[in-house]
Structure formats: structure tokens, C-alpha cells
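Values below: all heavy atoms of this structure, side chains included; hydrogens, waters and symmetry mates excluded. By convention here, the first residue in the shown sequence is residue 1.
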Amino acid sequence: MAPAAGSAGPLRGGKFTTYEGGIRVPALAHLPGAVPAGRVTAAVASLLDVLPTAVRLAGGTPRAQLLDGRDLRPLLSGRSEVSPPHRLLGGTRALS
């Protein structure tokens with residue numbers, strides 16, 4: 001099966017698919033003083049993690065009951081190699 005868009009190398013599928021090649025994508029982070037140069041990790045993170053991480057980096061406190069993402073600062077800084085597991089997302093819950 002040819003990739004839908006681009007190349008995922010040895011991974012099956014491509015962008016816009018739910019195969020490994022469409023879900024696993026690299027990310028780059030550049031923040032001098034917070035992210036060490038040359039840091040590489042294979043830890044799993046989600047786009048849901050970007051907002052709580054950005055809020056914390058800006059000095060704020062995200063309202064955890066409203067967000068499913070996790071703060072990735074320990075992973076980005078090298079203090080932790082394993083990202084916190086995400087609970088399964090689904091069902092409904094109150095936002096207040």
C-alpha cells in the first residue's frame with residue numbers, strides 16, 4: 001500500500017491514515033535553557049500535551065479538570081525519559 005501523502009519510511013501507511021506511519025511523527029522543540037541541545041527521545045506525546053506545556057512554560061497554571069493533555073516539561077528537559085501515560089479518552093464529562 002502506497003502512503004497517502006509523503007513517506008513514513010519503514011512504517012506502514014502515511015499521513016491521513018491511522019496506521020503507524022500516519023500517527024507517529026517527529027517533533028522539534030527549541031527553547032534555550034529549558035530543552036538541552038541535541039536531546040533525542042522516542043517517548044510518546046500527543047498534540048493534547050502542547051497547551052498545558054505552553055501554559056506552564058509561560059508561567060501559568062492550566063486548569064487540569066478542563067485539559068486531557070500533560071505537561072511535557074520533564075520530558076523536554078531530560079528529567080524524565082518516559083512521558084506520563086494518557087488515560088483513555090472517551091465518554092462525556094462535565095467541564096465545570
J.: Quick test of your reading: applying salt bridge (Lys or Arg N to Asp or Glu O under 4.0 Å), list the pairs with at least one residue in residues 26-37, sequence neighbours left out, ordered by first then second residue.
T.: none
J.: For the residue pair Pro52 and Gly69, what are the closest heavy atoms and their distance?
T.: CG-C, 3.5 Å
J.: Has the side chain of Asp49 got a donor or acceptor atom that lies under 3.5 Å from a matching backbone atom of Arg70?
T.: yes
J.: Can you name the residues that form a side-chain contact (heavy atoms from CB on, under 4.5 Å) with Ala29, not counting sequence neighbours?
T.: Val35, Leu76
J.: Checking the side chain of Thr53 only, and the main-chain atoms of Arg73 only, is there a donor and an acceptor separated by less than 3.5 Å?
T.: no
J.: Restricting to side-chain contact (heavy atoms from CB on, under 4.5 Å), what partner residues turn up for Val50, sequence neighbours left out?
T.: Leu47
J.: Determine which pairs satisfy side chain to side chain donor-acceptor pair (under 3.5 Å) with at least one residue from residues 34-43, sequence neighbours left out, and list them in order.
T.: Arg39-Glu81, Thr41-Glu81
J.: Leu31 vs Leu57, test: side chain to side chain contact (heavy atoms under 4.5 Å, CB included). Steps then yes/no.
T.: CA-CA 10 Å; Leu31 189 59; Leu57 287 170; 3.7 Å; yes
